[in-house]
Undergrad: 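Sending over a structure as C-alpha cells; questions will come in a sec.
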2 protein chains.
Amino acid sequence: MNSELLLREHDLKVTPQRLGILSLMKIKGHVDVEELFLTMKKQFSSISLATLYKNVNAMLEKQLITEIKAPKLKAKYEIVKEPHIHLLCKECNEFVDLDINLETLIDDASKKSNYQLEESCVVLSGLCEKCQTN
Amino acid sequence: MNSELLLREHDLKVTPQRLGILSLMKIKGHVDVEELFLTMKKQFSSISLATLYKNVNAMLEKQLITEIKAPKLKAKYEIVKEPHIHLLCKECNEFVDLDINLETLIDDASKKSNYQLEESCVVLSGLCEKCQTN
DNA sequence: GCTTAAAAGATAATTATTATCCTTTGATAA
DNA sequence: TTATCAAAGGATAATAATTATCTTTTAAGC
C-alpha cells in the first residue's frame, strides 16, 4: 500500500522522513535503527537519531509497524503483516520471513491459556542453507 | 535437576552466586537482570551487577539458560527446556510458559526453508484472563 | 498565505551492557 | 590439607542504546 495513505490511516502526519522510513522497510523488509540511520543519512543528511527513534515509537504505537526482538539481535522493525515466522541464521545473521500460517498455533494457544492474543513474535534460529555446508 | 550438577555438566565452576541465580530461575521461571540483582542482594549483599551479567552470559554460551526477548520487555532468562510458547499479558505484564509442543512447527519451518533450526523464541502477547474483564 | 500543533534536529540525560583491573576463591593435584 | 593457579567476584570506568528536553521548522486545516 501507498505509504502516504498508510500514514494517514494510522493518524500520523506525512513527512518526508517518515516516507523514507517506510520506503526502506518496504525494500529491506526488516530494519534496525542503525540501518535506518545510515541509509536515511544519504537522503536526509541532517537527519537525527532522535527523529528515527521517535518515529519508530510513534509507528509502533499506532500499530503500523511491529518490533521483532531475538537473542543476539538488535530490535528490528517491519511493516505489520499477518503473523509469520522469522528465521535467523546464527552464522551469517541473515534474517528472513517465512510465511507459514500461525493461525492454528495462535488459536490453540489462546484456547489452552484463555489469553486473548493479539501479537506474535516468533523467531527460529539456526543455520541457513549456505552456512550448513561451510 | 540439581543445580550443582547442572553447572558441572556445562563446564561451569560451582559458586554460591551461580547457585543462587539458578535457584531463583527455578522458583520464578523467568527472570531479568534487574530482578536477579535485587533478589540476589538479599542473600549476597555485596554482589555486583557485573557478576550477574558475566554469569548470565557464561550460562548462555554454555546453553544452560536461554534468553527471551520480546517487544516492550527486558531480556528474560530461563533454564533451557523443550521449545515452548511464552505468553505475555500487555496489561499486567504477566509472563508465563505454555507447554504446547512446537516440534511440528519447527520441523515444518525447517523443511520449507532448509534451515537447520536449533533455537526458538516464541512470544505471543495479548490479554490474560484477568485483564480481559477489567 | 496564516496559524498552530506536531515533527525535526541538536544535544543532554538516562539506562543497559560490557570492559578493565585488582582481589578472592574453587578445583586440582602434590 | 595445603599450595597453586586459572577463573570468578567486585568495583567502577567505558561504551552503547534509548529517551528526554528544548528550540526551530514544517505539515495540515482554515
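In what follows, chains carry the letters A, B, and so on, assigned in the order in which the sequence lines appear, proteins first and then strands, with residues in each chain numbered from 1. Only this structure's heavy atoms are used, side chains among them; waters, hydrogens and symmetry mates stay out.
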Undergrad: Specify the separation, in whole Å, of atom CG of B/Leu52 and atom P of C/dA19.
TA: 17 Å
Undergrad: For the pair made of NZ in A/Lys41 and P in C/dA10, what is the distance, rounded to whole Å?
TA: 8 Å
Undergrad: To the nearest Å, give me how far apart CE (B/Met59) and C1' (D/dG9) are.
TA: 13 Å
Undergrad: For D/dA8, take OP1 and OP2 only and decide whether either is under 4.0 Å from a side-chain N or O of B/Asn55.
TA: no
Undergrad: Write down the distance between CG (A/Asp11) and P (D/dA27), rounded to a whole number of angstrom.
TA: 18 Å
Undergrad: Any side-chain heavy atom of A/Leu117 within less than 4.5 Å of one from B/Leu87?
TA: yes
Undergrad: Quick check: do B/Leu98 and B/His86 have side-chain heavy atoms less than 4.5 Å from each other?
TA: no
Undergrad: Identify the pairs formed between an N or O of the protein and an N or O of nucleotides 26-30 of chain C at a distance under 3.5 Å, and give each distance.
TA:
from, atom 1, to, atom 2, distance (Å)
C/dG26, O3', B/Val14, O, 3.2
C/dA27, OP1, B/Arg8, NH1, 3.4
C/dA27, OP1, B/Val14, N, 3.1

Undergrad: What integer distance in Å separates A/Phe44:CZ from C/dA7:P?
TA: 16 Å
Undergrad: Could you check whether any side-chain N or O of B/Lys13 sits under 3.5 Å from a backbone N or O of B/Arg8, counting only pairs where one atom can act as donor and the other as acceptor?
TA: no
Undergrad: Rounded to the nearest Å, what distance is computed from the NZ atom of residue B/Lys72 to the P atom of nucleotide C/dA16?
TA: 17 Å
Undergrad: Say whether A/His84 and A/Asp99, considering side chains only, have a donor N or O and an acceptor N or O under 3.5 Å apart.
TA: no
Undergrad: Take atom CG of B/Leu60 and atom P of C/dT17, then tell me their distance rounded to the nearest Å.
TA: 12 Å
Undergrad: Round to a whole Å and report the spacing from NZ of B/Lys74 to C1' of C/dA16.
TA: 8 Å
Undergrad: Out of D/dG9, D/dG10, D/dT19, which has the shortest distance to the side chain of A/Asn57?
TA: D/dT19
Undergrad: Could you check, using the six-membered ring where one of them is a Trp, whether A/Tyr77 and A/His30 have ring centers closer than 6.0 angstrom?
TA: no
Undergrad: C/dA10, C/dA7, D/dG10: which one has an atom nearest the side-chain heavy atoms of A/Arg18?
TA: C/dA7
Undergrad: Between B/Tyr53 and C/dT18, is there a contact of a side-chain N or O with OP1 or OP2 at under 4.0 Å?
TA: no
Undergrad: Taking only Lys NZ, Arg NE, NH1 and NH2, and the carboxylate oxygens of Asp or Glu, determine whether A/Glu91 and A/Lys130 approach each other closer than 4.0 Å.
TA: no
Undergrad: Need one value for B/Lys54: base, sugar-phosphate or nothing, where a base atom within 4.0 Å counts as base even if backbone is also close, heavy atoms only.
TA: base
Undergrad: OP1, OP2 of D/dA8 versus side-chain N and O of B/Thr51: anything below 4.0 Å?
TA: no
Undergrad: Output yes when B/Glu35 and B/Lys74 qualify as a salt bridge under the 4.0 Å nitrogen-oxygen rule, no when they do not.
TA: no
Undergrad: A/Gln17 side chain N/O closer than 4.0 Å to the phosphate oxygens (OP1, OP2) of D/dT26?
TA: no
Undergrad: From D/dG10, D/dA20, C/dT18, pick the nucleotide closest to the side chain of B/Ser48?
TA: D/dG10
